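A quick note: this is a predicted structure, and the numbers were derived from the prediction, not measured. Naming convention: chains lettered A, B, ... in sequence-line order (proteins, then strands); numbering from 1 in each chain.
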Amino acid sequence: MARCGVHLSDLYCFHYTASNDEIDKRNGWDLYSPAAEYHRMGVPCQGWAPTTLNHSYEICDTYPQELYVPAAAPTKVILSSSKFRSKGRFPVLSFLHKNQAALCRSSQPLAGFSARCEEDEQLLDCIRSANPNAAHMIVVDTRPKINAMANRAAGKGYENEAYYENIKFHFSGIENIHVMRASLAKLIETCQLVTPSMSGFLGGLEASGWVKHVRSVLETASFITGAVAGGASVLVHCSDGWDRTSQTCALAQLLLDPYYRTLRGFQILIEKEWLAFGHKFTDRCGHIQGDSKEVAPIFTQFIDCVWQLLQILPSAFEFNERYLLILHDHVFSSQFGTFIGNCQKDRVDLRLSERTYSLWGYISSHEREYRNPLYRKDSTADVLRLNLCPQSIRFWRGMYNRFENGVHPREPLGDLLAATTEHTQSLSDQADFLTKRITWLKAELERSNSKKGIECDNRILENAQQNGENEESEIGSKEGVCVLGVSEIEESLVSVGALTLGDEGGGEAGEVVKVAPDATFINPSHLVQGTRRLSAPLLRYQSEVCVSPAVLSVALDWRSFRNIRECSCSTPFDHFSRKHHCWRCGEVFCTRCIDKKAVLPGHLSLRPVPVCHPCYKDITRSVSVDTP
Amino acid sequence: MLHRPHQAVLDGTLCITGHHLIVSAHGDEPQELWLLHSNVDCVERRQQGMTGGTLWLKCKDLRILQLDIIGADQFNKVANTLEDLIRVEDPQLQYPFFYRAMYPVLEDGWSTFLPESEFSRLVQPGDDWRISYVNKDYKVCASYPSAVVVPRNMEDSELVAIASFRQSGRFPVLAYRHQANAVLMRSGQPLITANGRRCKEDERLLNSVLAREKRGYIIDTRTQNLAQSAKLRGGGYEPELHYPNWRRVHKPIDRHHVHLDSLTKLMDGVNDTSSGTDKWLSRLEGSNWMNNIKETLNCACLVAQCLDQEGASVLVHDTEGLDSTLQVTSLAQIILNPDCRTVRGLEDRSPFYTHLEDSLNPDIQTTLLYLVRYATPVSGILPISAYTHNCKWKVLVDIAWGTFNNEELFEWPDCNVHPQGLLPNVAVLVVFSYLESLPTPLLYPEDGWHTLGHKLLDINPKPLPDSYPGFFIEEMEELRKELPDGKRLLLDQIIVSIAVTARATGEFDYNGCLQREWIQAGHPFATRHARSCYTPSTQRSPRAHSPTFLLFLDCVHQIHSQFSCSFEFAESFLVMLFHHSYSSQFGTFLGNNEGERRALGCHDRTTSLWSYVNRPEVLPSYLNPMYEPNQRVIWPSVAPMSLQLWSAVYLAWVVEQGAVEAAWGVARELRERDASLRSKVARLRRQLQDLEREALDAGILAVPSPTEVEVAN
């Protein structure tokens, strides 16, 4: 991990250039557009409208420029409310559910023991009344009650139910960043025990409290989900509204909206809840030397929670465990500019989108590795309701013992299934190709047969019988000369693959064949052969060379992953490295050796597919030979 | 009123029969719950005055049912009846003796495991080992089966002498042969006693097993102290002085006495879903269950290591050799022997039909002949005399074989080539394709069938890849579907018989492993499983009752989850075994040993579990869609973080498992689609090739230019 720099500009992302020129530096930076995302949820609408108040970060510098507030809330109310909230983070819209229940987020109010702000109360009332379906709204303070009380002494605190009308208040008891930091440290200590005993491990797991904390975050998210799905609007806050609030809001949305469970949707969710709303990535991840008290595994914990959901519902998410791990890696690695800075303003000031690459750009060019083959869009209900009893929360070996190769399953199912899915794609494409070609050939044969029927007369038949079998081979070679026109077409069809074998290609070939029969039908051998075929041993044919080499350009069987310890480039495979197949030769390669894509003539779609370097060379060479 | 885990409350009528408790719902939806009394571990009651009360039925499959009964009188009657019924001791009154299969039994599971065929892999002619029937009346050792494998040079009389020197008469017998000289044996402890008794025959037996200059290992699954103190109770361990070539290693596994307690603690934790995470984790740790798994696996790995890496022979025993010994020997085999990871040991490489002559009953032979004629498009392809006079399957196979192999047959005047150029003889192809569609390939390169398979089905014969995909011919499967019911049944019977016989030559599948190492080896199922973890501790005896077998299944599950592609069976198969081992309509797990089962007449009076499992309708659901045969030794990780609580067993009634099961369904679907596409592509390629050849002949296509061929290769 590259850390310990003093200035942000020393970070690796400002120096990193992708070795592969396929990735453009701009890729991924335009992924998230707030207007488009809120539009997807149906905002602006009657109840909710965008506000430009924070356009140059004047009200709150840790909030994004684009904010959505109740349409009924006057500017004055918003301004006053922001003054009454810690760090100016007033309640704004985070997610609007189909049933008009809104999920809002903010920081804690500066309530102290008795202070109140009527405008803040009004704002909450506007939020409540933007939802026509519920008479009350729910305020979730994600902190333990005792922490919230302690904050009151410092002039902060929580909403007083007596002042705010129609709210139901709920504490959910997630511990603060310092507890989480210590908890993870203990967990890692347990994981690194040398030859741990079972009770040493389980004891350490329990003592670290990590599993308990993960569960408390999930339970809060589940509570929020239940409330929103039940029709009530919810406001979530913790102290500053950028740690626990980000975790629980993001998880709740993951449970509420299937869109966020897709590869892309999850990126949008992170852009929205974590990046735009100002989770302090640089401080929390310790990108540069700073206050060690600010470092905390809040995002790690969130990723762990998502992994728990993946375990409980293996078909509900489009992405896999590897996707979570790569996200987690690059939040810390600072190879990409995506997670640099503490808030949107920081990132704008650093001009990250011009100077660095975006992680989303990298991921979009490697999506194959991150897809969950078990994903079934319709397998789960839109709103996920979970049983979060302690027994269903697990220790994530893949994360905390990631680099200990010995402890992982030796035969990772996910990768095998992913390979199966790709293999199926390749084969189904070839099946289409074969079907098309068979249909075409059948039609051609029929046509030529009908012509023969008319034009062949007895004289030719007699000739044929006289010539006998000996001439068979000669005739074969003659054919090659006779039907030059056809053979050219064939060549261009099958080997270059530039010509689509669609209707056009078939039609064209057909026309030429019409000309050719003059040469063909004089050939007397076909009738003889036709009759002999019946008596000839069937099996003899099948081992001979295939006429269409295009057919064989697609591997029928792929090599098994088993017992392959390294790639041909000597890169060793460990538990988490994804092994890939070359679609042409079916051998196994590492990610770096399979970065080429090529069109295989045996596929009907002629879509570029992954091939290994030797195959790529073969293909490009043959194309250049055939089409000078 | 019935409360079940994960399901809506059922309001219905309760009916108690001799063997079942049945609740059927009121109302329109026909909903019923059938529960075997033998599945109920304990009944807990709470009466509420005269209005009735609640019964908790705690089951051996770890489920807890809640039954609300109206009326105090009724409540008490029901509770008393149930309490009586779940404690019926007489095995003859058990349900398996009354159960009759509602389906035609294709293959009798009882006859699947004949000792002779079972041991055929262990004992080869001219070998150092032989099958001994010294125990045919179960007098030498009550818990051993009638046939056991012992060193060839040991006389039966010597075995009797050794039996009196070993605990419960369990003299050392062969369990598994890894490589030529590395053998795995098991026994009871030697009765050394405090006086240091010796038994010359025992010493001779053990020494004769070892090749010259070779050392062997005696793995005692007790601690040194325990083994030492066993001497005072008339037991002991082999002193090095008298067994100079054997090194003794103590690899302690907790005795089976503590396992039930451990499971009780675990289930207490599991069933308490309202307490916090900390409490759950500390209960999980306190139960020591995961630690038991770790230690058992550890010991099995040690045994496997001795056998595989040192090529040394191993003798495993504890006190009686009925519990941890069996766990260790069977797990070691699963680690070492790929065949033990299959459901049906079809991995035998010898031509399979040599045994068929004897095993096919005359009816099936007739049927087969009929079928060949019936399904042949043109009758009279084969000279009828060839099979009417000598109706042996082998001959038939040879003839069928001839039809493919012998070009002359194609010249026969009325031979009708299949339009797609597949085959003239559909019937044999049906059988053939059916064999091929079995998840484990039956046919191997040395076997003519395989070459044939390649010739027929693949345009491009090539050496077998590491994973052998197996063929599947859709048309033939459809053809089977089109057959009228009766004929289809006959066909299935034939196929199953072939499979059985094929398996009889290599009895090393997982079922075989279970059968040998657990059922025949005399693990006292009836005693151990009479009570489970919900029985109050006052009513159970730690020595008698123990979930040893569950612990073993859990260990298999741990290996399974680490090598999920190396097992032919799915996790659900293990869960099914767990359920049936405690309570079942089948007789397989009845009694404590073969002798008891023989006395009860299980073979004639009950149905075997394998008769059920091996049916073509049932077996596929227990197969692992991810299976790729793995011929290697698989070394599991025993690090604590690698071992997971088996949720499909312990959490099944607490945490909904539906989503995970559905995901397996998706995986199955993916793999099946891939396999069918593969065969479709292979078929299309073949078809295209024929067409192209025809087109070439017709002059529509040209012979490819050399460059094209090069590109393709």
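The part of A/I312 that comes within reach of chain B is its backbone (N, CA, C, O), which places non-hydrogen atoms under 4.5 angstrom from that chain. Residue B/D272 touches chain A through its backbone alone, counting heavy-atom pairs closer than 4.5 Å. Using a 4.5 Å cut-off between heavy atoms, B/E295 does not touch chain A at all. With a threshold of 4.5 angstrom between heavy atoms, A/P412 does not approach chain B through any atom at all. Contacts between B/W664 and chain A at a heavy-atom distance below 4.5 Å involve the side chain alone, from C-beta outward. Heavy atoms of B/S282 lying under 4.5 Å from chain A belong to its backbone as well as its side chain.
Ranked by non-hydrogen atom pairs under 4.5 Å with chain A, the options B/G276, B/P625, B/S566 are led by B/S566. Put simply, of A/C389, A/S315, A/G209, A/P314, the one with the most heavy-atom pairs under 4.5 Å next to chain B is A/P314. The residue among B/Q644, B/R673, B/E669, B/R632 with the most heavy atom pairs within less than 4.5 Å of chain A is B/R632. Note: A/T420 leads A/T420, A/N401, A/I393, A/T190 in heavy-atom pairs under 4.5 Å with chain B. With respect to chain B, the highest number of heavy-atom pairs below 4.5 Å among A/V211, A/L416, A/T421 belongs to A/L416.
A donor-acceptor pair under 3.5 Å links the side-chain atoms of A/R410 to the main chain of A/H408, judged by distance alone.
Of the N and O atoms on the side chains of A/D429 and A/Q425, not one donor lies less than 3.5 Å from an acceptor on the other residue. Under the 3.5 Å distance criterion, with hydrogens and angles disregarded, no donor-acceptor pair is assigned to the side chains of B/N298 and B/T296. Side-chain contact, A/R215 with B/T277: a donor N or O sits under 3.5 Å from an acceptor N or O. Side-chain atoms of A/Q311 and A/W396 form no donor-acceptor pair, as typed in the model, at a separation below 3.5 Å.
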Review item, side-chain donor-acceptor pairs of residues 195-202 of chain A, under 3.5 Å, at least two apart:
{"from": "A/S197", "atom 1": "OG", "to": "A/G200", "atom 2": "N", "distance (Å)": "2.9"}

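Judged as a side-chain contact (heavy atoms from CB on, under 4.5 Å), and not counting sequence neighbours, the contacts of B/S642 are A/R397, A/V407, B/Q562, B/S637, B/A639.
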